[in-house]
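Residue numbers start from 1 in every chain, and the chains themselves are labelled A, B, ... in the order their sequence lines are given, proteins ahead of strands. Side chains included, hydrogens not; waters and symmetry mates left out as well; all remaining heavy atoms used.
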Amino acid sequence: MRCADFQELYSDYRDGRLQDRARLTEVERHLRECPRCARQDLAVRRGVEVLRAGPGLEPSPAFRWALQRRLAFSRAGTDPGLAPGGLVASLLVAAAVGLVLIEGVTRLPQTQPAAERSPQVVANPGPPFVGFARADPAAALAPDTSADEDAALHVPAVAP
Amino acid sequence: MAIGMHRGGQPQLVTAQAPLRPLDDSSLVSLYLAGQHKAFDQIVERYQKRLLNFVYRTIGDRERAQDLVQEVFIRVHRHMHRFDQAKKFSTWIYTIASNLAKNELRNRSRNPLVFFQTIKKNWEGDHRPLQFEDPHQRPDDLYRRRHLRELVEWTVAQLPGHHRQVFVLRELDGKSYEEIADITGCNLGTVKSRLNRARNRFAHLIAPHLE
Ligand SMILES: [Zn+2]
């Protein structure tokens, strides 16, 4: 067996899909005799072992909270959709809204005219907001009408 | 109370308090469609980490991967009634994730600045002190191990996008060729040739670091 033949059959061999006994024996013999192909096989096996042994990413603590919030918006038909940096941005928006509310409550007894207390003073959009798809808060709460939604859902497993 | 179905088994009565964890995907979907919302939480619990890692390895940006995985769950939630229960749920949810990740990669290729910022951010990524990783290991072993893991992850990131996705689905998510074909929308021949090329390239890049 030549190296090119081995390369051709390698994935079938690694995934246990090589049904033909004679071919399997040839591949195994080539692995014993060819240092180059044996080196490749070893690198795949060891490399994948290292990948599998890694802890992997965990969702951040805010992940479920933000998802619940988006699901609630989705049920109400007001999901802000997929904005860049959405998780961080939604937390910042929530914090900003909280600050505006606190600000409003603590200043209620004062006789300051409402017009002077603009939320913009508190919720100053710094660099983390750069990725916002829609700067206008009302627009951000509009239903998600992203054109790619049906494309992303277009899968054989969905009944017509 | 609702009726849950174990794949190939008898229908099983499930009360609101019954533990959902042992149920298979198909039963969870049935329960959710029958109005038991806790079943959806269990689906999220079951898939959030594996989808996050799949999308992250496809697009290379952990924050954006979280956003996309959330979007996957939103779409599953919104369109569950359209899911054909004769099919495998995990293939459906991975297909949605795969399509969103592919769209993201396409958008990124049109915006080199975003891509550059992502690479820079990931390069500065892991700042956890080594001693928190495993108290039973020597710091130099821990360092070597983490360094090797980073190298291997970097190697995966070097593969072309459509090769990388097939490689991750097979080697890390354990998907069959047929499932990968469904998820990626390719035929079996393409899956096999992409997997072969991905493994070949992966081995070529990582071999010098493993010796
Ligand atoms: Zn050879």
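Between Gln70(B) and Phe63(A), the shortest heavy-atom distance links the atoms NE2-O, 3.2 Å. The shortest non-hydrogen separation linking Val152(B) to Gly47(A) is CG1-O, 3.4 Å. Pairing each heavy atom of Gly54(A) with each of Arg149(B), the nearest pair is CA-CD, 3.5 Å. When every heavy atom of Pro55(A) is checked against every heavy atom of Lys49(B), the shortest pair comes out as O-NZ, 2.9 Å.
Of the possible polar contacts, none joining the Arg62(B) side chain to the Leu57(A) backbone as a donor-acceptor pair under 3.5 Å is found. Looking only at distances, a side-chain donor or acceptor of Gln66(B) sits under 3.5 Å from a matching main-chain atom of Ser60(A). A distance-only check finds a donor-acceptor pair linking the side chain of Arg52(A) to the backbone of Glu171(B) [under 3.5 Å].
Within a 6.0 Å radius of NZ in Lys192(B), other residues, nucleotides and ligands contribute 12 heavy atoms or fewer. The environment of CZ in Arg64(A) is crowded: more than 12 heavy-atom neighbours from other residues, nucleotides or ligands sit within 6.0 Å. In this structure, Arg50(B) places its CZ atom where more than 12 heavy-atom neighbours from other residues, nucleotides or ligands lie under 6.0 Å away.
Between Gln68(A) and Asp41(B), some side-chain heavy-atom pair lies under the 4.5 Å cut-off. Within the 4.5 Å cutoff, side-chain heavy atoms of Val48(A) are placed close to those of Phe167(B).
Within the 4.5 angstrom heavy-atom criterion, only side-chain atoms of Asn53(B), from C-beta onward, approach chain A. Both the backbone and the side chain of Asp12(A) come within contact range of chain B, judged by heavy atoms closer than 4.5 Å. At a 4.5 Å heavy-atom cutoff, Val72(B) makes no contact with chain A through either its backbone or its side chain. Using a 4.5 Å cut-off between heavy atoms, Glu8(A) touches chain B through its backbone atoms (N, CA, C, O) alone.
Expressed to the nearest 0.5 Å, how far CG of Asn200(B) lies from CD of Gln40(A) amounts to 4.5 Å. For the atom pair OG (Ser74(A)) and CZ (Arg75(B)), the distance works out to 10.5 Å, reported to the nearest 0.5 Å. Expressed to the nearest 0.5 Å, how far CG of Leu51(A) lies from CZ of Arg57(B) amounts to 5.5 Å. One finds the CD1 atom of Ile206(B) at 11.5 Å from the CG atom of Leu42(A) (value rounded to the nearest 0.5 Å). Within the model, atoms CG of Leu148(B) and CD of Glu49(A) stand 10.5 Å from one another, a figure rounded to the nearest 0.5 Å.
With chain A as partner, the option from Glu153(B), Glu45(B), Arg170(B) having the largest number of non-hydrogen pairs under 4.5 angstrom is Arg170(B).
Residues of residues 13-20 of chain A having a heavy atom under 4.5 Å from any heavy atom of chain B, listed by number: Arg14(A), Asp15(A), Arg17(A).
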